[in-house]
Amino acid sequence: MLIAAVLASTLAFVGVGWTIGCPEETAPLEPGSAFALGGAVASLALLFLAIVWPISAPAFGLMAWTLVLFGFAMLGRRIDRLRGGDTTRPAAWRRASWIDRLAGAAAVVAFGLFVWKIAAVQIWSWDHFAIWGVKARQLAAHGLALDFLAGPQIHPLRTDHPLGLPLLWALLSAGQVPQPLSFKIAHLMMGGLLAICFRDLARRFGAATWAANLLTATLCLSPLYYDSEFLGLAEMPLALWSCAAVSWAVRSRSVPQALACGLTLGFLPWLKQEGLPLALLLLCVIGAWLRRASPAHDRRTFIRIAAPALALCVAAVVYQRWVLPPEDGFLAGNLRERLIQRSGEVPELLQLALYELLAWDWLGFWVVFAIGSGCAIKLRSPNARALAAIVWIQSALYLAVCYGSPAPAAEQLRAAFYRTCAALVPLGLLALAALAGDRKDATVSDSRALR
Amino acid sequence: MKTIPSRPTRLQTLGLILLVVAIEIGRAANLARSGAVGGVAHNERRWHTWSYRRSDLPSLFARVRSCLREGDTVAVMVPHGQHHGWWQVMTLYYLPDHRLAGVYDIDDRTARAAARVFIRRHGGFHVARPAAPC
């Protein structure tokens, strides 16, 4: 029953995303972006509804099931329209060289290892029990009245963390209290959708088929997939939504697609606090890409992306500060004094950060990525440079947060830096894909990814 | 835009794929050896033992739940020296339908109005309420 509920809800989100994001497009859209859009729209709609009208547990369950049925109806209509239209995929597979197929098989095996691992382990991460999972279960059990966050019994919960992901999980369980198995299935689904979305993007950024397949295999072997700590945490969704936002930006030819990009971007701060700077950085990069592609025409497209994205970002900050019960954040207390006191710790912190980024489980990702970033600068590869800049700025920001945290800086870094950086791997690998695309054909215009 | 003249040869590409395959074989061997227990990845080695202190919690709380009545407020009584915050989080997670009065030492007498769940150090529990023990 649980498995059926999560699968049905996932398909429903895909249906909703397809319907909203490309009402006219007949070409199949990869399901990762559609799921991200459908999930964002459904979660945010329920959350905003809950502010004006507290939703009880039975009403929440009813809404979740209505959403599933609606999504299925939309999915059915879309499949009807697509039936018979797309015959390119088998042909493309037949055209693939043996090296493409071998790299594809490596990607499938890497994903299989992820499934094996997640199926074998128990959920164990402390943040799942103390922050994310407990909120999802409480939301499903008590509805969206949000009373439970203000009660004295939830003192150890981080009440200032956004509620988008717990709500999404509760919706994925079709309104039932999510069980550990639901979180596992949701994690596997999101991992699969991210891999599909990533591969599609890598191809769009100009990587050859074998390179896209091999990068997808690398993604599936990265800590984000391999470390079971991420099971039930917000890093996988954050990575999926950031890739989906880029994916929508790449295909933002029509008004609905631009709006879809904005909505997907705007959902990032609702997933995790780190989502806010990530959304703003992605928005800047998308703006730069659009400007380079066609300044006159794409100003309107950018406004269509930026308006919903910024509105949702502002709403996330307002919701976090004034609707959710207050809690001391990472930068609480006398920040200035703390920063001055810790200035002597900087070399030690940098050394610790390096130790975290050079751990074996990264498989040398950060070394390759640093070299790739250098190449991107030297080659003036716009897409690779922009994506690499996002990853470096965002990881520097994580480091700064550890430095300014009220907890001892080294302790905070050991606890969070490795984990938060893992969510940036897909964007980093996309930068390498864009670089590979530029190597393949350096004469293609800067705006290859967008048009 | 500058160009890099060379593209990887077929042999280089094959080498990259084989490298990934070798990593996959190594990971598969690790997984086969470690089984269901975490402890092969970086943060698993670091945090698993600290975070996942009892493997019997899902079954323990499932049994506790079957002994509780709908709407019961729960007080969790834990052995001396155990971390109250940890039990509080786990109770909130595993018993979302019940209000939590708090977590207390096993001999504390302050939460008598609630259904008291006494947790034993090495597994097992009993629920005490004024009228009907379970």
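Order of the sequence lines fixes the chain letters, A, B, ..., with proteins taken first and strands second; residue numbering starts at 1 for each chain. FYI, side chains are in, hydrogens and waters are out, and symmetry mates aren't considered; it's all heavy atoms of this structure. Since the structure is predicted, the reported quantities are computational estimates derived from the model, not experimental observations.
When the candidates B/Tyr94, B/Tyr93, B/Trp86 are compared by the number of heavy-atom contacts under 4.5 Å with chain A, B/Tyr93 comes out ahead. Of all the listed residues (B/Thr91, B/Leu57, B/Leu16, B/Val103), the one sharing the greatest number of non-hydrogen pairs under 4.5 Å with chain A is B/Leu16. Interface check for chain B: of the options A/Ile123, A/Val177, A/Val109, the most heavy-atom pairs under 4.5 Å are formed by A/Val109. Contact tally against chain B (heavy-atom pairs below 4.5 Å) for A/Leu221, A/Asp127, A/Thr218: the top residue is A/Leu221.
Of the possible polar contacts, none joining the B/Arg116 side chain to the B/Ala128 backbone as a donor-acceptor pair under 3.5 Å is found.
Heavy-atom distances place the side chain of B/Ile23, and not its backbone, under 4.5 Å from chain A. Using a 4.5 Å cut-off between heavy atoms, A/Ala415 touches chain B through backbone and side chain atoms alike. Only the side chain of B/Trp50 comes within contact range of chain A, judged by heavy atoms closer than 4.5 Å. With a 4.5 angstrom heavy-atom cutoff, B/Arg10 touches chain A via backbone and side-chain atoms both. Only the side chain of A/Trp98 has a heavy atom closer than 4.5 Å to any heavy atom of chain B.
Looking only at atom types and distance, the side chain of B/Asn30 has no donor-acceptor partner in the side chain of B/Arg27 under 3.5 Å away. B/Asn43 and B/His48 are not linked by any side-chain donor-acceptor pair at a separation below 3.5 angstrom, with hydrogens and angles left out of the test.
A salt bridge links B/Arg65 with B/Asp97: at least one charged nitrogen is closer than 4.0 Å to a carboxylate oxygen.
Nearest approach of B/Arg45 to B/Val40, heavy atoms of both residues: NH1-O, 2.6 Å. Across every non-hydrogen atom of A/Gln138 and B/Pro96, the tightest pair is OE1-O, 3.8 Å.
In this pair, A/Trp362 and A/Trp366 present their aromatic rings perpendicular. The plane angle is above 60°, beyond the 30 to 60° band.
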